[in-house]
Amino acid sequence: MKAKFERLIKKHSSTYTFTTIDEGHFEGPNWVEGDPIQIDVDCAIFPFSTKDVARYDGLGYTTKDIKIFLPESEDIGFKKEDSLVYKGETYELDRLDDRTTHSDFIKWFAKRVENQ
């Protein structure tokens, strides 16, 4: 039996706009890269705590990074390096923690993109 967290996640959710790259295609013999598309998704976002940073030591996370909780029903198949803007900062999806085998949500870790 799956644990149900969707209601709890929705309680803390807001709508955020993610940017992903549409699938590319062939035009004759030439490959054409996909275009960036924006998708609105309801999800809950929480900052990394110092405890999280210690737990995932070696993966390069800091307290400037975030965790994104998506109800299984909101999963659109994001990919690593898709991005979103949260509180004025850009974040790239870095690591998927798919919990749908035992629960009804997906968690992504996202790293803040440093201004260059």
Side-chain angles (χ1 to χ4, degrees):
M1 183 163 133
K2 281 185 167 186
K4 299 191 184 295
F5 291 96
E6 184 169 357
R7 194 176 89 212
L8 180 62
I9 292 170
K10 285 188 175 190
K11 179 180 177 182
H12 297 282
S13 289
S14 292
T15 302
Y16 298 96
T17 302
F18 287 76
T19 301
T20 187
I21 304 297
D22 199 12
E23 289 187 33
H25 62 277
F26 281 101
E27 283 186 12
N30 301 318
W31 177 255
V32 177
E33 293 293 331
D35 294 319
I37 56 173
Q38 294 187 329
I39 300 168
D40 290 337
V41 176
D42 290 331
C43 58
I45 296 179
F46 298 96
F48 258 71
S49 66
T50 53
K51 192 176 197 179
D52 292 325
V53 171
R55 181 177 186 186
Y56 299 104
D57 185 35
L59 297 177
Y61 295 112
T62 71
T63 55
K64 295 178 182 177
D65 300 322
I66 58 174
K67 299 173 287 185
I68 303 166
F69 293 83
L70 296 143
E72 186 175 21
S73 61
E74 289 286 330
D75 179 32
I76 60 123
F78 286 119
K79 300 174 294 299
K80 186 174 178 172
E81 297 176 7
D82 286 348
S83 63
L84 78 148
V85 175
Y86 172 69
K87 293 188 174 183
E89 299 287 343
T90 301
Y91 293 85
E92 282 188 353
L93 300 183
D94 180 64
R95 183 172 173 259
L96 173 65
D97 187 4
D98 186 344
R99 301 292 182 100
T100 57
T101 301
H102 303 289
S103 190
D104 62 349
F105 73 95
I106 294 166
K107 179 169 64 171
W108 273 97
F109 300 126
K111 290 187 174 187
R112 190 176 86 168
V113 176
E114 297 293 331
N115 295 333
Q116 298 179 352

Applying the 4.5 Å side-chain criterion to the ILVMFWY set and letting contacts propagate, would W108 and Y91 be lumped into a single cluster?
yes
Using the rule that two of Ile, Leu, Val, Met, Phe, Trp, Tyr join whenever any of their side-chain heavy atoms come within less than 4.5 Å, decide whether L93 and I66 are in one cluster.
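Hydrophobic grouping puts L93 with I66.
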Does a donor on one side chain sit under 3.5 Å from an acceptor on the other, for H25 and E27?
yes
State, yes or no, whether a side-chain contact exists between [X] and [Y] at a heavy-atom distance under 4.5 Å.
X	Y	answer
R99	F5	no
D98	D75	no
P71	K10	yes

To the nearest 0.5 Å, what is the distance between CD1 on I106 and CZ on F69?
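Here the rounded value is 12.0 Å.
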Separation between CG of L70 and CD1 of I45, rounded to the nearest 0.5 Å
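Taking CG in L70 and CD1 in I45, the distance rounds to 8.5 Å.
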So, does [X] use its side chain to make a donor-acceptor pair with the main chain of [Y] at under 3.5 Å?
X	Y	answer
D65	T62	yes
D42	S13	no
D57	A54	no

Taking the six-membered ring of Y61, is NZ or CZ of K111 closer than 6.0 Å to its centre and within 45° of its axis?
yes
Smallest separation among heavy atoms of P36 and I21, with atom names:
CA-CD1, 3.9 Å
